[in-house]
Amino acid sequence: MITKNFAYHAPADLHGVVTALSAASGTAVVLGGGTMLVPDMTHGKTVADVVVDLSRAGLSGITLDGGGGPHDGPVADDGVSDGRVADGRVADGRVADGRVADGGVVVVGATTTYAHVLSDPRSRTLAPLLRRVAGGVTGGPQIRNKGTIGGSACYANPSSEVPAALVALGARLRLASAGGTREVAAGDFFTGAFATARRPGEVLAAIALPAPTGPCPGYTKLKLNESSWPIATAACVPGPDGALRVALGAVAATPLLVTLDPPEAGVADPAWRAHVREVVDAALAEPWSDVLADGDYRRRVAPVVAVRAVADALQQAEGES
Amino acid sequence: MNRIRLVVNGREREIEVEACKLLVHAVREDVGLTGTHVGCLTGDCGACTVLVDGASVKSCSVLAVQADGAEITTIEGVAGDDELHPVQRAFWDEFGFQCGYCLPGMLLTARELLDRMPDPDDDAIVQAINGNLCRCTGYGSILRSIRCAATRMAASGEPAEEAS
Ligand SMILES: Cc1cc2nc3c(=O)[nH]c(=O)nc-3n(C[C@H](O)[C@H](O)[C@H](O)COP(=O)(O)OP(=O)(O)OC[C@H]3O[C@@H](n4cnc5c(N)ncnc54)[C@H](O)[C@@H]3O)c2cc1C
Ligand code: FES
Ligand code: FES
């Protein structure tokens with residue numbers, strides 16, 4: 001039972017959302033899928049005067065913005081591309097050889113649920129890493145049906161998967177308020193445990209990802225048991241220069257981005273593994289500690305998940321070549 | 001107070017709720033169907049599972065006002081008064097529950113899985129029920145029950161949806 005009542009608004013578009021937020025008196029909160037916010041209100045961890053529900057605002061869907069420029073309008077609810085598909089691409093965002101051309105931007109609406117990512121075939125080519133993340137989120141189909149990518153980003157729980165995935169991909173978060181919109185790089189968005197650069201009165205409208213140009217990124221996570229939240233995650237996105245961009249999640253308060261040399265002699269090579277340990281250990285100033293695992297444990301497993309993500313990325317690349 | 005309209009198990013209902021009322025409490029107290037259980041109220045246990053417009057949700061994590069205009073299916077809606085749905089029958093025959101606290105959520109989740117995937121392997125079953133906690137059975141008999149329901153439903157040629 002939520003003990004304190006509040007005013008409830010479910011605006012029909014993004015404009016209505018930012019207007020409701022700016023007009024709110026008292027504490028206003030944004031309701032995404034509610035999987036975290038509603039229980040937090042039940043348990044008195046969040047107390048609100050106004051709740052602005054995004055579920056009718058048409059902010060869900062995965063689209064390809066061919067031009068690569070900023071996309072300010074609300075994202076089409078049906079997820080269908082808004083017509084700006086650049087030359088040579090088929091409607092689902094692929095070029096003829098099955099890869100998306102350089103320079104495009106994939107726009108993921110903030111209220112896109114994990115279930116939407118999994119059921120939308122375009123996510124295979126446009127957001128393969130988010131697709132893998134979505135498939136592994138626990139809590140059952142009930143949570144995957146309601147939980148949103150944007151909600152996970154805004155909640156910024158260190159032990160969750162979306163934040164590090166967004167950092168690995170070099171995502172940009174599009175924040176809207178009555179004063180206008182701005183974009184924040186994922187690397188700057190996550191400022192601490194349960195803390196982000198989002199200001200009061202701002203809503204996350206969409207997440208812009210560079211359209212994938214290479215094979216599916218590598219992904220791995222370590223968890224206690226089937227229904228557990230992750231203790232450590234790693235996503236590996238190989239760069240065009242061969243360097244490996246690896247974002248570690250759940251090991252520190254905010255996602256940890258490291259760049260690793262490619263394993264010339266294979267991922268089992270002890271010298272390369274020593275390099276991974278050294279780079280990860282140096283980057284991990286203060287490991288995250290919670291009920292799932294303490295900081296010492298996370299420090300020990302961080303390089304292990306990094307190695308697994310690289311191995312996985314190399315395997316994905318082989319599978320596609 | 002907010003007046004909302006729901007279609008619960010096929011019957012239209014109009015109720016008045018405060019904005020802060022959880023869907024699970026509205027279903028139990030205002031609609032009067034107490035088969036949906038309240039467990040953790042954190043979104044972990046799945047005892048409060050209902051279908052909203054065909055998709056399973058944990059009704060402790062949804063505000064009743066959010067469901068305005070929606071179709072809700074609760075455990076009371078999976079079979080007629082004097083019958084058991086094949087999934088219920090399989091849980092009965094395979095000892096898929098003991099105290100029964102988790103059961104309404106477990107059955108709705110199992111049925112949703114079989115509607116979507118009539119012949120799930122064990123990995124798919126585990127993935128589907130990883131948001132439904134059972135403190136009695138240790139899950140072995142639940143996996144058996146779901147496999148049994150799938151086999152029987154395939155043999156009778158009835159898709160899950162029509163069997164209800
Ligand atoms: C049982 C269970 C198991 C889970 N397992 C996993 C797991 O294995 N891995 C994992 O990574 N996560 C896991 N999660 C967490 C899940 O990913 C998040 O609950 C979900 O993604 C949050 O999204 P939401 O839309 O429900 O957020 P909400 O609950 O709606 O909101 C969360 C917070 O973000 C704010 N917010 C939401 N959307 C916006 C927006 N667009 N703009 C501004 N602010 C916003 C809200 O005000 C609130 O503060 C689990 C959760 C549960 C309940
Ligand atoms: S009561 Fe809703 S998940 Fe436990
Ligand atoms: S039968 Fe008792 S909790 Fe599952």
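Quick caveat, the model's predicted, so the values are computed rather than measured. Sequence lines set the chain letters: A, B, ... in the order given, protein chains first and strands last, and positions in each chain run from 1.
With hydrogens and angles left out, the side-chain atoms of Asn9(B) and Thr74(B) include a donor and acceptor closer than 3.5 Å. Arg298(A) and Ser159(A) are linked by a side-chain donor-acceptor pair at a separation below 3.5 angstrom, with hydrogens and angles left out of the test.
Chain B forms the most heavy-atom pairs under 4.5 Å with one residue out of His43(A), Lys4(A), Met1(A), Met41(A), and that residue is His43(A). When each of Asn132(B), Val57(B), Val126(B) is scored by its heavy-atom pairs under 4.5 Å with chain A, the top score falls to Val57(B). Most heavy-atom pairs under 4.5 Å with chain A, from the set Val38(B), Ile129(B), Asp68(B): that is Asp68(B). Of the listed residues (Asn2(B), Leu22(B), Leu133(B)), the greatest number of heavy-atom pairs within a distance under 4.5 Å of chain A belongs to Leu22(B). Put simply, of Glu112(B), Lys58(B), Lys21(B), the one with the most heavy-atom pairs under 4.5 Å next to chain A is Lys58(B). When the candidates Cys40(B), Cys60(B), Cys20(B), Ala128(B) are compared by the number of heavy-atom contacts under 4.5 Å with chain A, Cys20(B) comes out ahead.
With a threshold of 4.5 angstrom between heavy atoms, Leu31(A) approaches chain B through side-chain atoms but not through N, CA, C or O. In this structure, the portion of Asp53(A) lying under 4.5 Å from any heavy atom of chain B is its side chain and not its backbone. The contact between Thr42(B) and chain A is made by backbone and side chain atoms together, counting heavy-atom distances below 4.5 Å. Looking at Thr42(A), the atoms closer than 4.5 Å to chain B (heavy atoms on both sides) all sit in the side chain, from C-beta outward.
When atom types are taken as modelled, the side chain of Ser141(B) and the backbone of Thr137(B) share no donor-acceptor pair closer than 3.5 angstrom. Between the His37(B) side chain and the Cys48(B) main chain, no donor and acceptor come within less than 3.5 Å of each other. In this structure, Glu29(B) contributes its side chain and Ala26(B) its backbone to no donor-acceptor pair below 3.5 Å.
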(request) Let me see the working for Val50(A) and Val29(A) under side-chain contact (heavy atoms from CB on, under 4.5 Å), right down to the final yes or no. (result) CA-CA 6 Å; Val50(A) 178; Val29(A) 293; over 6 Å; no

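The two residues Thr233(A) and Pro230(A) come nearest to each other via the heavy atoms CG2-CB, 3.6 Å.
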